[in-house]
Amino acid sequence: MPPDTDAGVGARIAVLRASRHLTQHALAARANVSHSLLTKVEAGSRPASDALVAACARAMGVQPAVLTGQPHAGDVETRQLRALTVPIRHSLDLFDLPPEEGVEPRRLVELRAAVRDVNLRAQAANYRSMAGMLPGLLAELHTAAHLWSGSDRVVAWGLLAEAYRCGHSFGIAMGMPDLSAMALARMDSAASLAGDRAPALRAIRDYLRVTAYLRDGAYETCWRLNASGVAHLAGTDRGTPDALVAAGQLHLGASVLAARTHDRDAVDGHLAEAERVARLTGDQAETLWVAFGLTNVRAHRVLTAVELGQFGDAVAQAKGLRFPDGWLPTRVGHHHINLATAYQGMNRPEEALSELVAARTAAPQQARRHPRVRRTVETLVRGEHRRTSALASYAAWVATA
C-alpha cells in the first residue's frame, strides 16, 4: 500500500512501515534511529529531520521522496517548469556532438556576463527564467569551447562548466536527481579542460555530488566524494584560481556529513579549518557559486547544530548573524529554514513560522518546494491548538493544509 501523497511525512512513514509489517521498534532498530523520536515523528509532534527520513527510506528500500512527497507534481506551475526540462536534457545529452550549425556565440565578455546572470537566477530560485535561458546559453558555450582557440577556448570550457552546474540546480528543485547527476557529469567533463580553473571546478563538482548523496543517507559514498574533491586540489596553492574557496567549502560539506554521523569532534575540526580558510579569502558570494566565507561558516555552525539535534545551540549561534548585501538568496533561505527546524524542535512554533516567512521572503520558490519547509509546516499545523490565519495562509501556499 503506497503512502498517501497528501499526508504528512510521519503518516507516510507509518503507512509504509505497516505495509512492510514492521513495528515501530523494528523500524527504529533497522534504521538505527531513536524509537522515541520515530514515535513522535509518526504522531506528527516532531518534524522529521533529513537524517531520519533518509534512514527510514533506506531501511524500507525506497527513495526519500516517497516519504517526503513530491511537492506540486500536478500543479500548473510545476507542469510548465518540467516542460522546460526537455531542452535542458537535450543540451546535456548531446554534449559529445559537434557544434550545432547556425549557432554564433557572443563575445567572451558577453558570455561571461550571461553565465553570471544564469547562475544568479539559479541562486535566487528563479527557476523559470533560468531554465528558459539555459539551453541557448549552453549551445553558445559548447560552440565557443569547440571552435575558439588559445586562452579564449580554455575560458569558454570553464564558463561551460559553470553553466552546466545550473542544470544540477534545476534538477534538484524539480525532484529529478537523474537530471542533476547528468548535469554534474557534464560539469566535470568541461571543467577538466578549463586550465588552471580545473582543480577548483572539479572539487566543487564533487562537493555538489556530496550534497546529492547526503539526501539519501549514503554517508560512506559522501566521504569518498569528499576525498575525491580534496584530491583534485592536491598540489594547488593560493595562486590557483578559486582553490582556497573550494577547499574551504569541502570542509563545510564535511562538517555537515560529520554532524549526520554524530561525530562532534570532526564537526568542530572541519568548521575550524573552514574558518581558517575563510579568514584568508573573505566573503566570496559568487566565487564558484557557494557563497563561501566567514558568513557561510557561521551559517554552517547553525546548520550542524540542527543536524546534531542541538536546537538551543543553533539559535544561539544565529544571534547577530547578518548576511552581506547581495548574498545569494537561496543561501539566506536555507539559513532561515534551518532556524525554523530549530525553533520547531524547541516547541516554539511562532518563532518557527517567523523563520519560514523569512525563508519565503529570501527565495520564494526555494521555500515553496523545499521538503523540510513542508515537513515543518505539517508539524506546525498538526500541533496547533487554534488555527491562526498566518499559519493557515503559509500552509495553503506550500499546499500542505
Side-chain angles (χ1 to χ4, degrees), residues 1-75 77-79 82 171-178 180 212-219 260 306-307 309 337 340-341 344-345 347 349 352-353 356 367-385 387 391-392 394-401:
M1 177 182 178
D4 180 355
T5 56
D6 292 326
V9 174
R12 295 189 197 101
I13 292 174
V15 169
L16 193 60
R17 173 180 59 76
S19 75
R20 300 288 200 272
H21 305 290
L22 294 170
T23 65
Q24 287 181 327
H25 280 288
L27 176 57
R30 183 181 291 188
N32 195 27
V33 300
S34 161
H35 170 258
S36 173
L37 176 59
L38 176 62
T39 301
K40 293 175 182 176
V41 168
E42 286 195 2
S45 62
R46 181 78 175 265
S49 67
D50 293 341
L52 184 137
V53 170
C56 288
R58 285 169 65 85
M60 293 189 285
V62 298
Q63 292 295 313
V66 173
L67 301 180
T68 59
Q70 191 59 257
H72 316 294
D75 70 20
E77 180 183 43
T78 296
R79 289 199 302 271
R82 288 194 170 188
I172 292 299
M174 294 299 106
M176 297 177 174
D178 63 320
S180 162
Y213 279 95
L214 195 63
R215 294 178 179 89
D216 295 333
Y219 302 133
R260 284 285 189 93
V306 170
E307 293 284 1
I337 292 168
T341 301
Q344 175 59 34
N347 195 28
L353 180 58
L356 292 179
R368 186 166 183 262
R369 286 175 162 74
H370 202 291
R372 192 133 50 87
V373 170
R374 300 177 75 232
R375 297 202 297 271
T376 303
V377 171
E378 288 167 355
T379 306
L380 289 174
V381 168
R382 284 169 173 75
E384 191 178 35
H385 299 298
R387 179 64 61 94
L391 180 56
Y394 201 99
W397 181 65
V398 295
T400 57

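Bear in mind the structure is a predicted one, so any value in this text is a computation, not a measurement. What you see below is based on every heavy atom in this structure, not just the backbone, and it leaves out hydrogens, waters and symmetry mates.
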Over 12 non-hydrogen atoms of neighbours within 6.0 angstrom of CZ in Arg215
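Check passes, neighbour count above 12.
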Quick one: side chain to side chain contact (heavy atoms under 4.5 Å, CB included) partners of [X], sequence neighbours excluded?
X: Pro177; answer: none
X: Asn32; answer: none
X: Ala352; answer: Tyr343, Gln344, Leu380
X: Ala18; answer: none

If you compare all heavy atoms of [X] against all heavy atoms of [Y], which two are closest, and at what distance to 0.1 Å?
X: Glu42; Y: Arg17; value: OE2-NE, 2.8 Å
X: Pro371; Y: Thr68; value: CB-CB, 4.2 Å
X: Ala48; Y: Leu52; value: CB-CD2, 4.1 Å
X: Ile172; Y: Ser180; value: CD1-OG, 3.8 Å
X: Gln63; Y: Asp216; value: OE1-OD1, 3.6 Å

Any side-chain heavy atom of [X] sitting closer than 4.5 Å to one from [Y]?
X: Val373; Y: Tyr394; result: yes
X: Arg12; Y: Val62; result: no
X: Val41; Y: Val33; result: no
X: Cys56; Y: Leu27; result: yes
X: Arg30; Y: Met60; result: no

Which ring-ring contact (aromatic ring centres under 6.0 Å, His included) pairs, counting each pair once, include a residue from residues 35-61, with sequence neighbours left out?
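The answer is His25-His35.
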Looking at CG of Leu38 and OG1 of Thr23, how far apart are the two atoms once the value is rounded to the nearest 0.5 Å?
9.5 Å
Got a donor-acceptor contact below 3.5 angstrom from the Glu378 side chain to the Val9 backbone?
yes
Restricting to salt bridge (charged side-chain N to carboxylate O under 4.0 Å, His left out), what partner residues turn up for Asp50, sequence neighbours left out?
Arg260, Arg372, Arg375
